[in-house]
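All values derive from a computational prediction rather than experimental measurement. Atom set for the values below is all heavy atoms of this structure, side chains included, hydrogens, waters and symmetry mates excluded. Order of the sequence lines fixes the chain letters, A, B, ..., with proteins taken first and strands second; residue numbering starts at 1 for each chain.
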Protein chains: 4
Amino acid sequence: MQTERSQSPKPPRREREKQRQRQEILATALTLFSEKGYHNVSMHEIAANAEFAIGTLYKFFQNKEDLYKTLVLEQCDLFDQAFAKVLDAPGDEVVKLRDYVRVKGAMFREHMAFIRLFMAESRGASFNINAGLDASVRQRYYDFLKRFAAVFENGMAKNRFKRIADPFDLAVAMDSVVNSFLLMWIDDPRKHPFPEDPDKILKLFFDGILASR
Amino acid sequence: MQTERSQSPKPPRREREKQRQRQEILATALTLFSEKGYHNVSMHEIAANAEFAIGTLYKFFQNKEDLYKTLVLEQCDLFDQAFAKVLDAPGDEVVKLRDYVRVKGAMFREHMAFIRLFMAESRGASFNINAGLDASVRQRYYDFLKRFAAVFENGMAKNRFKRIADPFDLAVAMDSVVNSFLLMWIDDPRKHPFPEDPDKILKLFFDGILASR
Amino acid sequence: MQTERSQSPKPPRREREKQRQRQEILATALTLFSEKGYHNVSMHEIAANAEFAIGTLYKFFQNKEDLYKTLVLEQCDLFDQAFAKVLDAPGDEVVKLRDYVRVKGAMFREHMAFIRLFMAESRGASFNINAGLDASVRQRYYDFLKRFAAVFENGMAKNRFKRIADPFDLAVAMDSVVNSFLLMWIDDPRKHPFPEDPDKILKLFFDGILASR
Amino acid sequence: MQTERSQSPKPPRREREKQRQRQEILATALTLFSEKGYHNVSMHEIAANAEFAIGTLYKFFQNKEDLYKTLVLEQCDLFDQAFAKVLDAPGDEVVKLRDYVRVKGAMFREHMAFIRLFMAESRGASFNINAGLDASVRQRYYDFLKRFAAVFENGMAKNRFKRIADPFDLAVAMDSVVNSFLLMWIDDPRKHPFPEDPDKILKLFFDGILASR
DNA sequence: GATGAATGAGGTTTCATTCAT
DNA sequence: AATGAATGAAACCTCATTCAT
């Protein structure tokens with residue numbers, strides 16, 4: 001309802017202002033949620049930090065859960081879009097993998113708050129506040145994995161990659177490894193420095209470890 | 001003075017009974033926590049499901065957080081012990097990796113409730129209820145990774161593996177991939193069947209994917 | 001930023017209304033505490049009697065103890081001010097003593113509920129809920145006694161009183177006697193009627209009881 | 001019921017042992033109550049400190065309140081007896097007053113824990129746990145005051161004292177002054193040293209303070 | 001439209017008391 | 001007779017949400 005804007009009487013300036021406020025609330029909530037966890041942040045706290053009245057929050061979002069879900073989904077969109085730009089463009093598959101690792105690293109750096117929040121609350125099965133959220137978030141992730149798998153599929157078709165495994169499995173594997181290294185970095189940037197060189201990770205898959213007998 | 005009687009000081013039956021009750025509470029709590037998340041389960045709910053009075057729970061655990069931490073740490077011990085048995089025994093490194101994947105799969109199967117709980121609440125950085133928990137659990141995981149890395153280190157020393165990467169990084173990578181496949185299975189056992197054959201996963205690292213030009 | 005509007009910043013009517021509510025809560029709490037004692041009155045009971053929701057109480061006072069301390073300190077202020085008016089004014093010392101007894105009687109009459117509460121919970125050493133309260137309340141009483149002693153000191157300087165004892169001791173003695181008579185009256189107004197005539201008490205100190213041999 | 005001992009079957013040793021336990025419980029309770037206040041001491045705490053099982057306490061006392069009342073009444077008896085010995089003996093009235101002050105001081109010294117408890121919980125009107133207690137404790141105090149008043153009455157009859165006031169009022173006054181000095185001493189023994197010399201207090205009443213004009 | 005005072009359900013925890021052993 | 005495990009009512013307090021202004 002609040003996103004319709006084809007009506008003429010509402011001046012677009014009002015509308016833009018509203019969107020700005022909405023984003024401000026979401027940004028504040030993201031920061032707080034990621035610092036203290038969903039259940040340890042009250043709506044009052046969000047309102048106070050965003051410098052709005054508590055009632056105003058309920059003008060934008062039906063309830064706390066709605067605010068949370070919106071927040072997560074919008075952030076997911078950002079990630080999806082960034083990855084799509086890399087993966088869907090034409091080009092060499094090895095370059096794509098390298099770019100993907102680089103872009104994912106950049107996104108983690110830029111959106112650390114969200115990563116923390118996401119990792120803390122949204123993993124696992126269908127429960128928690130995520131009840132309804134998981135369904136869609138999970139689906140989106142699988143959709144992403146399919147597109148990521150296409151890179152391997154194409155690479156194999158072009159004989160750039162060997163067919164050592166199912167492309168989807170390769171996608172799962174490589175993404176989980178990238179995530180692990182990035183999470184370790186977030187966890188303790190000193191002990192586990194940011195993997196500047198994408199190839200450090202890629203090599204784990206490019207060269208097999210098994211010595212020939 | 002007043003507890004010493006003619007009975008053997010601490011009747012072992014009483015003690016065993018107490019342990020049984022304790023385990024019952026922990027089991028009930030694990031189920032509920034894993035289904036609904038820490039914050040969505042009340043102590044009353046646990047008491048009712050375990051068929052104890054609420055006060056009895058507080059005889060065993062100082063408070064809700066203590067119950068939760070105990071729960072997680074006891075489960076972690078189980079996993080640690082199972083993995084230690086596989087990794088610390090002498091033997092061929094490739095066999096060890098294969099056994100590790102097999103045992104981890106079996107543990108995930110047997111302790112699904114805990115896996116769900118753990119994935120849902122314990123990831124992420126140091127906040128949430130996990131505040132104090134994270135510190136130790138995280139450390140334990142890194143300790144495990146080091147022992148896992150030793151397998152690769154030894155394998156390299158024996159020329160069983162090629163030195164394509166740092167052993168610790170290899171440990172991180174392989175474990176994250178195993179986890180990913182197991183989590184996908186937990187998530188939707190139909191779409192992502194349980195990886196019966198450990199080699200399916202191992203091959204991802206054994207053979208490189210990069211085709212020689 | 002969000003609280004500044006076109007209205008005068010803090011509408012005085014709102015503010016006055018708030019103060020009225022606050023006083024209502026304090027008055028209700030005073031009555032209940034004095035009737036049943038601090039530990040035998042629940043916050044729900046106060047809320048119900050004051051016809052507020054329980055949450056509203058916590059808008060005004062951080063917790064039960066805060067409510068109690070506020071209550072006691074505000075009442076103490078009333079007494080301090082009333083006594084200060086009598087003792088600090090210039091004038092004959094005998095008149096001052098007479099006025100003090102009269103005013104104290106009037107205050108006891110008017111604030112019986114508080115007297116009961118104070119006598120019941122605040123005497124004794126430094127423990128109980130009074131932990132922190134005692135410190136200051138006790139100090140205030142000693143401060144008062146010093147000002148009361150000054151009356152005797154001045155009277156002695158003017159040769160209105162004989163130097164039969166330390167002025168501070170005289171202050172302690174006279175005040176305790178006045179309190180005793182007033183407490184007996186509160187205890188059972190029929191058996192121990194209100195000491196209308198201050199001189200009845202003063203005479204106990206004015207004339208010695210020892211017959212000359 | 002437990003104090004009857006005319007029956008023959010119960011060996012007196014058992015009976016004596018029981019009494020010893022009872023006293024142990026009461027002594028422990030007195031210490032704890034006086035340190036932390038009635039409501040801040042749990043039955044478990046008393047049981048643990050007295051080294052009895054919680055059930056044993058309920059063999060001796062119907063409930064917590066019963067334990068408290070018994071405690072207070074037994075201590076009151078001690079005081080009553082000590083004062084009676086001084087006041088009811090024949091002798092000069094001035095000596096009696098002096099002895100009374102001395103004995104009261106000694107009793108306060110010896111039974112500080114009880115004094116603290118009594119002052120903290122038992123003053124004030126008829127409420128609190130004292131509900132039933134006050135009735136009798138208060139009556140006992142008035143009975144005492146009457147006996148104390150008799151000293152003044154007798155002294156007046158013998159022309160030892162002047163009839164400057166009602167003997168009962170004199171009793172009230174003198175006792176409240178003695179109490180005040182003793183309480184100040186308990187409160188802060190350094191600032192308000194123990195009034196070693198009874199005459200310091202008696203003089204306040206023996207000599208009038210009013211200077212003859 | 002925005003505000004924030006007011007609400008009250010529901011959370012965690014304590015502790016007096018009972019009763020099977 | 002003594003024990004102490006078990007009970008559950010009831011305490012304090014938080015916070016998502018509503019609605020009169």
Side-chain angles (χ1 to χ4, degrees), chain A residues 14 17-18 21 39-48 51-67, chain B residues 2-7 11 13-14 17-18 21 39-48 51-67, chain C residues 2-7 11 13-14 17-18 21 39-48 51-67, chain D residues 14 17-18 21 39-48 51-67:
Chain A
R14 256 235 205 291
E17 174 63 8
K18 247 181 117 159
Q21 292 183 343
H39 284 284
N40 301 315
V41 174
S42 72
M43 291 296 270
H44 266 100
E45 207 172 344
I46 299 173
E51 301 191 300
F52 286 101
I54 183 80
T56 307
L57 267 65
Y58 283 86
K59 285 276 183 290
F60 286 101
F61 308 98
Q62 281 200 318
N63 50 41
K64 194 184 175 185
E65 198 179 328
D66 181 34
L67 167 54
Chain B
Q2 80 284 13
T3 54
E4 315 293 306
R5 294 263 141 228
S6 49
Q7 335 150 14
R13 189 161 54 84
R14 260 241 201 288
E17 174 65 7
K18 236 181 129 161
Q21 292 183 344
H39 285 286
N40 300 314
V41 174
S42 73
M43 291 298 269
H44 270 100
E45 209 172 343
I46 299 173
E51 300 191 292
F52 287 102
I54 181 78
T56 305
L57 267 65
Y58 284 87
K59 284 272 184 293
F60 286 99
F61 307 97
Q62 284 202 316
N63 51 42
K64 194 184 175 186
E65 197 177 330
D66 181 35
L67 168 54
Chain C
Q2 81 284 13
T3 54
E4 315 292 306
R5 297 261 141 230
S6 50
Q7 335 150 11
R13 189 161 53 83
R14 260 239 200 288
E17 174 66 7
K18 237 182 127 158
Q21 292 183 343
H39 285 285
N40 300 314
V41 174
S42 73
M43 290 299 268
H44 267 100
E45 208 172 344
I46 299 173
E51 301 191 292
F52 288 101
I54 181 81
T56 305
L57 266 64
Y58 285 88
K59 284 271 183 294
F60 287 99
F61 307 97
Q62 283 201 318
N63 50 42
K64 193 184 175 184
E65 197 178 330
D66 182 34
L67 167 54
Chain D
R14 257 234 205 292
E17 175 62 9
K18 247 180 118 161
Q21 292 184 344
H39 284 283
N40 300 315
V41 174
S42 72
M43 290 298 270
H44 267 99
E45 208 171 343
I46 299 173
E51 300 190 298
F52 287 101
I54 182 81
T56 307
L57 267 66
Y58 283 87
K59 286 275 183 293
F60 286 101
F61 307 97
Q62 282 201 318
N63 51 41
K64 194 183 175 185
E65 197 178 330
D66 181 33
L67 166 55

Margin query: Can you tell me if A:E45 has over 12 outside heavy atoms packed within less than 6.0 Å of its CD?
Written below: yes
Next item on the list: Could you tell me the separation between the CD atom of C:E65 and the C1' atom of F:dC13, rounded to a whole number of Å?
Entry: 14 Å
Margin query: Tell me the interatomic distance from D:N40, atom CG, to E:dT14, atom C1', rounded to whole angstroms.
Written below: 12 Å
Check: E:dT12 pairs with which nucleotide, Watson-Crick or G-U wobble, both distances below 3.5 Å?
Finding: F:dA11
Next item on the list: Can you measure from CG (C:N40) to NE2 (D:H39) and round to the nearest 0.5 angstrom?
Entry: 4.0 Å
Next item on the list: Would you kindly compare C:Q62 and A:Q62 by the position of their nearest DNA chain F nucleotide and give the one closer to the 5′ end?
Entry: C:Q62
Notebook entry, point to check: For the atom pair OG1 (B:T56) and CD (B:E51), what is the distance rounded to the nearest 0.5 Å?
Noted result: 12.0 Å
Item checked: Whole angstrom value for the distance that separates C1' of F:dG4 from CD of D:E45 -> 17 Å
Checklist line | Base-pairing mate for E:dA20 - Watson-Crick or G-U, with both contacts under 3.5 Å | finding: F:dT3
Notebook entry, point to check: Quick one: CG on D:D66 to OH on D:Y58, what's the gap to the nearest 0.5 Å?
Noted result: 10.5 Å
Next item on the list: Can you tell me the distance, in whole Å, between the OH atom of B:Y58 and the C1' atom of F:dA5?
Entry: 18 Å
Check: Can you tell me how far the CE atom of D:M43 sits from the CD1 atom of D:I46, to the nearest 0.5 Å?
Finding: 5.5 Å
Item checked: For atom CG of A:L57 and atom P of F:dA16, their distance in whole Å -> 11 Å
Item checked: Those residues that, when tested against C:E17, pass side chain to side chain contact (heavy atoms under 4.5 Å, CB included) (two or more places apart) -> C:R20, C:Q21
Distances under 3.5 Å between protein N/O atoms and the N/O atoms of nucleotides 6-10 of chain F, please, pair by pair.
{"from": "F:dA6", "atom 1": "OP1", "to": "B:Q21", "atom 2": "OE1", "distance (Å)": "3.0"}
{"from": "F:dA6", "atom 1": "OP1", "to": "B:Q21", "atom 2": "NE2", "distance (Å)": "2.7"}
{"from": "F:dA6", "atom 1": "OP2", "to": "B:Q21", "atom 2": "OE1", "distance (Å)": "3.4"}
{"from": "F:dT7", "atom 1": "OP2", "to": "B:A53", "atom 2": "N", "distance (Å)": "3.0"}
{"from": "F:dT7", "atom 1": "OP2", "to": "B:T56", "atom 2": "OG1", "distance (Å)": "2.8"}
{"from": "F:dG8", "atom 1": "N7", "to": "B:G55", "atom 2": "N", "distance (Å)": "3.4"}

Next item on the list: Quickly work out the B:I46 CD1 to E:dT12 P distance and round it to whole Å.
Entry: 8 Å
Check: Which of these nucleotides, E:dT14, E:dT17, F:dC13, is closest to any side-chain atom of C:K64?
Finding: F:dC13
